[in-house]
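The first residue in the sequence is number 1, and the count goes up from there. In each ligand, atom 1 is the first atom listed, and ligand 1 is the first ligand listed.
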Amino acid sequence: MIDVSNLYYDRYGISSDKNFSKIDVSPLMNSILSRASVRKFSKKNLPQELLTLLLTAAQSAPSKSNLQQYSILVIQNKALKKEISNLIGNTKWALTAPVFLLFLADIRRNIKITNHKGYNHENNNVDTFMNGVIDAALSMQSMINASESIGLGICPISIIRNIIEEVKNLCQLPKGVFPISGLAVGWPVEKSSVSLRLPQDVVTHYNTYNEKNLINKIIKYDDRVFKVAPIEKNKQRHVDIYGVAKKGTWSENISRQLSVAERKDFKNW
Ligand SMILES: Cc1cc2nc3c(=O)[nH]c(=O)nc-3n(C[C@H](O)[C@H](O)[C@H](O)COP(=O)(O)O)c2cc1C
């Protein structure tokens with residue numbers, strides 16, 4: 001029997017007041033509750049049959065109106081992997097995974113289909129953009145769940161959007177197709193530690209949105225994170241602007257990150 005109370009504690013750094021003893025937790029749920037991103041992969045390969053099944057898991061995700069406005073690009077070619085890894089500096093390790101994928105929002109395919117059927121594609125707005133991004137994100141998550149449930153490790157890679165023009169050219173992405181994230185998939189060399197999440201009463205609201213005691217709850221969360229995984233100097237954001245933080249807390253780091261606009265050109269792109 002899986003000890004859910006421990007899994008809850010590991011995720012939040014606090015115990016739950018609920019008694020989970022009567023809840024039957026499946027191996028998949030266990031894998032989801034205890035997951036952590038992996039950034040070091042063994043050289044062991046991932047057979048094409050397994051990749052095919054993982055891609056099927058990705059395509060099993062729900063999709064807005066079953067419009068299926070996403071594509072998945074598998075990067076297998078060694079030279080292409082090398083070119084991309086040379087462009088992403090410190091994140092090079094991601095391309096050492098046996099499988100590296102790009103999850104793409106894809107508005108293009110349905111434009112072609114709609115036009116082929118003799119209709120105008122008028123339903124093309126920010127909502128379309130959002131639906132494509134959501135479809136791509138859900139398919140990535142579905143693949144993540146399937147991969148992790150069989151012992152594979154993954155790490156999503158958004159830094160790919162820092163080199164979006166280069167990726168577009170290298171992977172020949174046409175208009176209407178853009179990456180939401182990369183995904184490294186492989187066999188983990190070591191077990192990653194579970195990262196503490198915001199307490200459930202900050203993230204979950206029952207019936208009405210509730211921000212009561214938010215800052216106090218964040219201070220306590222910061223303390224819990226700081227105890228197990230203080231944000232070290234080399235992981236702190238914008239040290240060049242703000243200097244090294246005396247206390248490398250979660251809220252200090254995300255505030256620093258959010259104080260500087262990133263990927264400003266993406267809207268035009
Ligand atoms: C859309 C997305 C993009 C991400 N991009 C990167 C990335 O470029 N580099 C990286 O090291 N981790 C990346 N991550 C992983 C997050 O840093 C990680 O999920 C987060 O720190 C929480 O840790 P955990 O996944 O181990 O729970 C990304 C995660 C998501 C969901």
Original post:
salt bridge (Lys or Arg N to Asp or Glu O under 4.0 Å) with Arg256: which residues, sequence neighbours excluded?
Top reply: Glu252

Subject >> Pairs flagged by ring-ring contact (aromatic ring centres under 6.0 Å, His included) wherever residues 228-256 is involved - sequence neighbours left out >> reply: Tyr221-Trp250

Subject >> Amino acids in close contact with ligand 1, where any non-hydrogen atom sits under 4.0 angstrom away >> reply: Arg35, Ala36, Ser37, Arg39, Trp93, Cys155, Pro156, Ile157, Ser158, Ile159, Ser195, Arg197

Original post:
Which word best sums up how the rings of Tyr8 and Phe20 line up, parallel for under 30°, tilted for 30 to 60°, or perpendicular for over 60°?
Top reply: tilted

Original post:
Within the side chain of Asn110, is there an N or O that forms a donor-acceptor pair under 3.5 Å with the backbone of Leu67?
Top reply: yes

**OP:** Please check if Val239 and Phe226 belong to a single hydrophobic cluster, counting links between Ile, Leu, Val, Met, Phe, Trp and Tyr side chain heavy atoms closer than 4.5 Å.
**Re:** no

Original post:
Who else is in Phe41's hydrophobic cluster (ILVMFWY, side-chain heavy atoms under 4.5 Å, direct or via others)?
Top reply: Val38, Leu73, Ile75, Leu80, Ile84, Leu87, Ile88, Trp93, Leu95, Phe100, Leu102, Leu104, Ile157, Ile159, Ile160, Ile163, Val167, Leu170, Leu173, Val177

